Amino acid sequence: MGETMSKRLKLHLGGEAEMEERAFTNPFLDYEAAASAALAAGAAEETGSNRPQPTTEELGLPFHNDGKMSDGCWPNTLNTKKMFANEDDSVDRDQLGSIALLYLQLYRVTCDQTYLLRSLDYVKRTLRNLNGRRVTFLCGDAGPLAVGAVVYHKLKSDCESQECIAKLLQLQRSIVSGESELPDELLYGRAGYLYALLYLNTEIGPGTVCESAIREVVSAIIESGKTLSREERKAERCPLLYQWHRKQYVGAAHGMAGIYYMLMQPAAKVDQETLTEMVKPSIDYVRHKKFRSGNYPSSLSNEADRLVHWCHGAPGVIHMLLQASKVFKEEKYLKDAMECSDVIWQRGLLRKGYGICHGTAGNGYSFLSLYHLTQDKKYLYRACKFAEWCLDYGAHGCRIPDRPYSLFEGMAGAIHFLSDVMGPETSQFPAFELGSPQRDEKVQKDD
């Protein structure tokens, strides 16, 4: 049997030891087990079959039964912010834009003008160092320009805001050029530039970037996917196929999940026929690559069930599935997303660290997104437990990231996640999810 065992089965049977090397064993009881334990504890004090379901306080959770956060855990998060603020001078120059985005987030959740002014400081420093070599939101000039436009807009500096928008749109020619060798993925490609345009229309208002500009980028992404699909003879199975460095990645950062997710955003205004005939069957093609565990491969050619990161694996694919559930109204996408959530709960406390790209905070965002759609307290509970883990930042012996204070690798990302856990109804994965029109109104009202 051992000689004829398939490569995929060998990888599956040998995966447990490697999983232990990549992730910590989750020490927390899951929601149902925690509820049962609370009920058992209550039964010792109160007899009778009419014992009500345990309250969130009895479960040791930092939120009330209505989903709003308790005031008591806010000081811990503020202390974490102060710890980061003391390290500002250690931030590398290429991380300045992401730190500006973090301070903009802290302004959003606290309405403290100090954070907005701090964001402006980082924006100014970033805009002095634009180099034009990359064009995406997270890893290029588009991000600092878009964040700068939003910060200036909130400060009512309309001239400076418009100048940032104009410079952002000047990058578009290289994005849509037929001779461009630009990839389509999120971190370095067209989808990352598309996010910058959609971000402006979400944060400043519809029409900030005209529909024709967005349509042009969307068309370039779709045509690129159709071309590769034909070349690979997969047009019927996967009408939109994408690759990065000659590898067909699956995940959110470099792969198809991130691209499909952007194309399904309402603000992208992709027509229903394209969504149904091109995007939907491509998503289903990716779905069929799912491992028995519920996780997803890093690329179509990789059969190893190893990575449970936002960049590679279930924590990134889950966002595509949740958006597909909203767009196509089919139960199978939500079912698969819930399976992703279970994998992330089991294997998502990563030894790589606490960051967003390949760390615990990024994995925690999957629970917040699932909570948005289902309003199931189970997923808010899971998010809170991952946040609890992040509050012990540095205590678990994780690998120190190359950029320890950056948004996607380091402390800034963990802080962003913690601040979003404090307001789960309005949370959003930075540089990836887009806020709802009601989000800022709710933040202001709750404040």
Side-chain angles (χ1 to χ4, degrees), residues 175-176 183-186 189-195 197-199 201-202 206 209-244 248-252 254-290 294 296-297 300 314 316-340 366 369-370 372-374 429 432-437:
I175 303 293
V176 300
D184 296 283
E185 46 88 90
L186 189 71
R190 293 185 180 92
Y193 181 77
L194 175 61
Y195 175 85
L197 302 184
L198 303 184
Y199 174 77
N201 279 359
T202 302
V209 175
C210 64
E211 286 190 22
S212 61
I214 293 172
R215 194 181 309 117
E216 198 174 18
V217 178
V218 166
S219 296
I221 294 172
I222 290 174
E223 288 304 315
S224 176
K226 289 165 63 176
T227 298
L228 183 63
S229 182
R230 287 194 299 268
E231 292 175 355
E232 296 288 321
R233 298 182 179 180
K234 292 183 179 179
E236 292 186 5
R237 292 172 291 161
C238 184
L240 299 177
L241 187 64
Y242 299 96
Q243 65 181 10
W244 186 63
Q248 293 161 12
Y249 285 100
V250 170
H254 302 297
M256 290 175 279
I259 298 169
Y260 301 153
Y261 177 77
M262 284 301 146
L263 292 176
M264 286 188 289
Q265 294 302 310
K269 297 188 182 300
V270 178
D271 64 87
Q272 191 60 45
E273 182 180 357
T274 299
L275 288 171
T276 302
E277 301 297 327
M278 307 292 290
V279 178
K280 186 173 185 287
S282 301
I283 291 171
D284 289 338
Y285 180 79
V286 170
R287 285 180 57 244
H288 293 144
K289 302 297 179 181
K290 179 178 66 175
Y296 286 80
L300 295 182
V317 174
I318 191 173
H319 295 282
M320 175 195 76
L321 294 168
L322 290 172
Q323 193 64 25
S325 176
K326 296 175 188 177
V327 172
F328 302 116
K329 313 296 183 186
E330 293 187 20
E331 189 68 22
K332 63 184 180 182
Y333 299 116
L334 181 57
K335 180 178 179 293
D336 284 355
M338 289 176 173
E339 289 186 22
C340 286
S366 65
S369 297
L370 195 47
H372 285 171
L373 186 60
T374 66
F429 194 114
F432 186 53
E433 291 185 299
L434 293 163
S436 66

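Quick note: residue numbers are just sequence positions, from 1. Just so you know, these numbers use all the heavy atoms, side chains as well, and skip hydrogens, waters and symmetry mates. What you see is a predicted model, and the numbers here were worked out from it, not measured in a lab.
Rounding to the nearest 0.5 Å gives a distance of 6.5 Å between CG of Leu198 and OG1 of Thr202. Taking CG of Leu300 as the start and CE of Met256 as the end, the distance is 4.0 Å to the nearest 0.5 Å. Remark: Glu339 CD to Leu334 CG distance equals 10.5 Å, nearest 0.5 Å. Expressed to the nearest 0.5 Å, how far CG of Leu241 lies from CG of Leu228 amounts to 4.5 Å. Atoms OG1 and CD1, on Thr227 and Ile222 in that order, are 11.5 Å from each other to the nearest 0.5 Å. Considering CG of Leu322 and OG of Ser369, their distance stands at 6.5 Å, rounded to 0.5 Å.
What you find for Phe328 and Met264 is that their closest heavy atoms are CE1-SD, 3.9 Å. The two residues Tyr195 and Glu433 have their closest heavy-atom pair at OH-O, 3.2 Å. Closest of all the heavy-atom pairs between Ala252 and Leu186 is O-CB, 3.7 Å. Among all heavy-atom pairs drawn from Tyr333 and Arg287, the shortest one is CE2-CD, 3.5 Å. Looking at every heavy atom in both residues, Lys289 comes nearest to Tyr296 through C-CD2, 4.5 Å. Contact detail for Ile221 and Asp184: the closest heavy-atom pair is CA-OD1, 3.7 Å.
Counting only distance, with no hydrogens or angles, the side chain of Ser224 and the backbone of Ala220 share no donor-acceptor pair below 3.5 Å. Checked by atom type and distance alone, the side chain of Ser325 never pairs as donor or acceptor with a backbone atom of Leu321 at under 3.5 Å. Looking only at distances, no side-chain donor or acceptor of Lys269 sits under 3.5 Å from a matching main-chain atom of Pro266. With hydrogens and angles disregarded, no donor-acceptor distance shorter than 3.5 Å links the side chain of Tyr242 to the backbone of His254. Under the 3.5 Å distance criterion, the side-chain polar atoms of Ser282 are matched with a main-chain donor or acceptor of Leu240. No donor-acceptor distance shorter than 3.5 angstrom exists from the side chain of Arg190 to the backbone of Val176, with no hydrogens or angles considered.
More than 12 heavy atoms of other residues, nucleotides or ligands lie within 6.0 Å of CD in Gln272, so this atom counts as buried by the packing criterion. Residue Lys335 places its NZ atom among 12 or fewer non-hydrogen atoms of other residues, nucleotides or ligands, all under 6.0 Å distant.
In terms of the ring pair (Phe, Tyr, Trp, His ring centres under 6.0 Å) criterion, Tyr260 has no residue partners (sequence neighbours excluded). Remark: Gln265 engages no residue in a side-chain hydrogen bond (donor to acceptor under 3.5 Å, both in side chains) (not counting sequence neighbours).
With contacts defined as side-chain heavy-atom distances shorter than 4.5 Å, the pair Met262/Val217 does not qualify. Between Tyr285 and Lys234 there is a side-chain heavy-atom pair separated by less than 4.5 Å. The shortest side-chain heavy-atom distance between Leu263 and Met278 does not fall under the 4.5 Å cut-off. Contact check for Ser229 versus Lys226: no side-chain heavy atoms found under the 4.5 Å cut-off. Using a 4.5 Å cut-off on side-chain heavy atoms (C-beta onward), Gln243 and Glu231 make no contact.
A perpendicular orientation is assigned to the rings of Phe429 and His319, their planes being inclined by more than 60° (bins at 30° and 60°).
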